> 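Take this structure first; my questions come after.
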Amino acid sequence: DPPYASITIDEVEQTVAQFEESNPLAKSSDISWRSTISKRLDRGEIFRLMTMKWTLVREEDCQRVAADFVKRTLRDAEAFWASVSTPREILSKLSDDPTKTRAFALPDQIAAERAIVLCKLLYGTEKSKSLARERLDCLSGTSKKELSDWLTRASSWLDGDTSLRFSTI
């Protein structure tokens with residue numbers, strides 16, 4: 001599997017999960033494993049990753065290959081983290097065109113849910129409702145239905161004021 005880098009905003013994940021359909025297999029502790037935004041670090045080179053071969057003869061070879069892999073992975077992770085270093089930057093990525101948000105390893109409706117919650121936390125009810133309408137307008141099929149269903153379940157939270165707002169960001 002290719003490596004991933006991610007960022008989790010607990011308030012976003014807890015709020016999104018609160019309005020998901022119940023799942024008998026899911027536990028409340030599963031939320032702590034979620035990511036608000038993540039990026040696969042293979043640079044779209046999945047074929048190259050699967051076909052890379054190293055000659056490992058001595059222990060030093062293992063150390064060299066591991067060091068090279070870690071250096072490249074950390075460099076890519078640091079570039080990703082720098083591009084989403086504030087909640088506003090994360091919101092910008094999550095609320096972009098769905099074809100662009102897919103680069104952050106999220107299905108369309110899941111990216112939209114996180115964007116809507118983060119928008120409400122940052123900017124309040126009106127902007128989050130506007131974003132919700134925009135996201136519904138640009139989605140289709142199952143993604144649109146799933147987002148619509150989630151928005152129905154989350155409507156009382158979306159309509160109300162929240163004490164979770166990031167007032168200092």
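Below, all heavy atoms of this structure are taken into account, side chains as well, without hydrogens, waters or symmetry copies. Given the structure is predicted, the values throughout are model-derived calculations rather than measurements.
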> Can you tell me how far the CG atom of Leu94 sits from the SG atom of Cys119, to the nearest 0.5 Å?
11.0 Å
> So how far is it from Ile9 CD1 to Ile90 CD1, rounded to the nearest 0.5 Å?
4.0 Å
> Is a side-chain donor or acceptor of Asp159 paired with a backbone partner of Ser156 at a separation under 3.5 angstrom?
no
> Using modelled atom types only, decide if a donor and an acceptor are shared between the side chain of Trp150 and the backbone of Ile110 within a distance under 3.5 Å.
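Here the side-chain-to-backbone pair does not exist.
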> About how many Å separate OG of Ser128 and CZ of Arg133, when rounded to the nearest 0.5 Å?
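The distance works out to 9.0 Å.
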> Parallel under 30°, tilted from 30 to 60°, perpendicular over 60°: which one fits the rings of Phe19 and Trp157?
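Rings of Phe19 and Trp157: tilted, 30 to 60°.
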> Working to the nearest 0.5 angstrom, can you tell me the gap between Gln14 CD and Ser32 OG?
9.5 Å
> Indicate yes or no: at least one non-hydrogen side-chain atom of Glu113 is less than 4.5 angstrom from one of Thr15.
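No, their side chains stay 4.5 Å or more apart.
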> Examine distances only and state if a side-chain atom of Arg135 and a backbone atom of Gln109 form a donor-acceptor pair shorter than 3.5 Å.
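Side chain of Arg135 to backbone of Gln109: no pair is present.
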> Are Thr125 and Lys120 linked by a side-chain donor-acceptor pair shorter than 3.5 Å?
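There is such a pair between these side chains.
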> If we only count heavy atoms from C-beta on, is the Leu91 to Tyr123 side-chain gap below 4.5 Å?
yes
> Checking side-chain contact (heavy atoms from CB on, under 4.5 Å) between Ile37 and each of Val12, Leu118, Val84, which is the one that passes?
Val84
> So do the side chains of Pro98 and Arg102 get within less than 4.5 Å of each other, counting heavy atoms only?
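Yes, their side chains come closer than 4.5 Å.
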> What salt bridge (charged side-chain N to carboxylate O under 4.0 Å, His left out) pairs are there with at least one residue in residues 22-36, not counting sequence neighbours?
Glu20-Arg34
> The criterion is salt bridge (charged side-chain N to carboxylate O under 4.0 Å, His left out); which residues satisfy it with Glu59, sequence neighbours excluded?
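Here no residue qualifies.
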> When you compare the side chain of Ser148 with that of Leu136, does any pair of heavy atoms fall below 4.5 Å?
yes
> Just checking, is any N or O donor in the side chain of Ser83 or Glu89 under 3.5 Å from an acceptor N or O on the other one?
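Not at all, the side chains of Ser83 and Glu89 share no donor-acceptor pair under 3.5 Å.
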> What distance separates Ile7 CD1 from Ser85 OG, expressed to the nearest 0.5 Å?
8.0 Å
> Mind jotting down which residue pairs meet the salt bridge (charged side-chain N to carboxylate O under 4.0 Å, His left out) criterion with at least one end in residues 137-154? Sequence neighbours excluded, please.
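Counting only pairs at least two positions apart or across chains, the salt bridge (charged side-chain N to carboxylate O under 4.0 Å, His left out) contacts touching residues 137-154 are Lys145-Asp149.
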> Please go through Ile31's hydrophobic cluster and name the other residues, only I, L, V, M, F, W, Y counting, with side-chain heavy atoms under 4.5 Å joining them.
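Direct or chained contacts put Ile31 with none.
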> Identify which one of Arg114, Glu11, Glu13 satisfies the side-chain hydrogen bond (donor to acceptor under 3.5 Å, both in side chains) criterion when paired with Thr36.
Glu13
> Residues two or more places apart in sequence or in another chain: which of them pass side-chain contact (heavy atoms from CB on, under 4.5 Å) with Glu78?
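Once residues adjacent in sequence are excluded, the partners of Glu78 under the side-chain contact (heavy atoms from CB on, under 4.5 Å) criterion are Trp81.
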> Taking all non-hydrogen atoms of both residues into account, name the closest pair between Leu41 and Tyr4 and its distance.
CD1-C, 4.0 Å
> Checking one residue: Leu74. Which other hydrophobic residues are in its cluster under the side-chain 4.5 Å linking rule?
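Besides Leu74, the hydrophobic cluster comprises Val70, listed by chain and residue number.
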> So do Thr101 and Leu106 actually touch side chain to side chain, heavy atoms under 4.5 Å?
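The answer is no; the side chains never approach within 4.5 Å.
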> Between Ser38 and Ser35, what is the shortest heavy-atom contact and its length?
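Nearest pair, atom of Ser38 first, then Ser35: CB-CB, 4.3 Å.
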> So do the side chains of Ser143 and Pro107 get within less than 4.5 Å of each other, counting heavy atoms only?
no
> Is there side-chain contact between Phe69 and Pro3, with heavy atoms separated by less than 4.5 Å?
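Yes, their side chains come closer than 4.5 Å.
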> So do Trp33 and Thr8 actually touch side chain to side chain, heavy atoms under 4.5 Å?
no
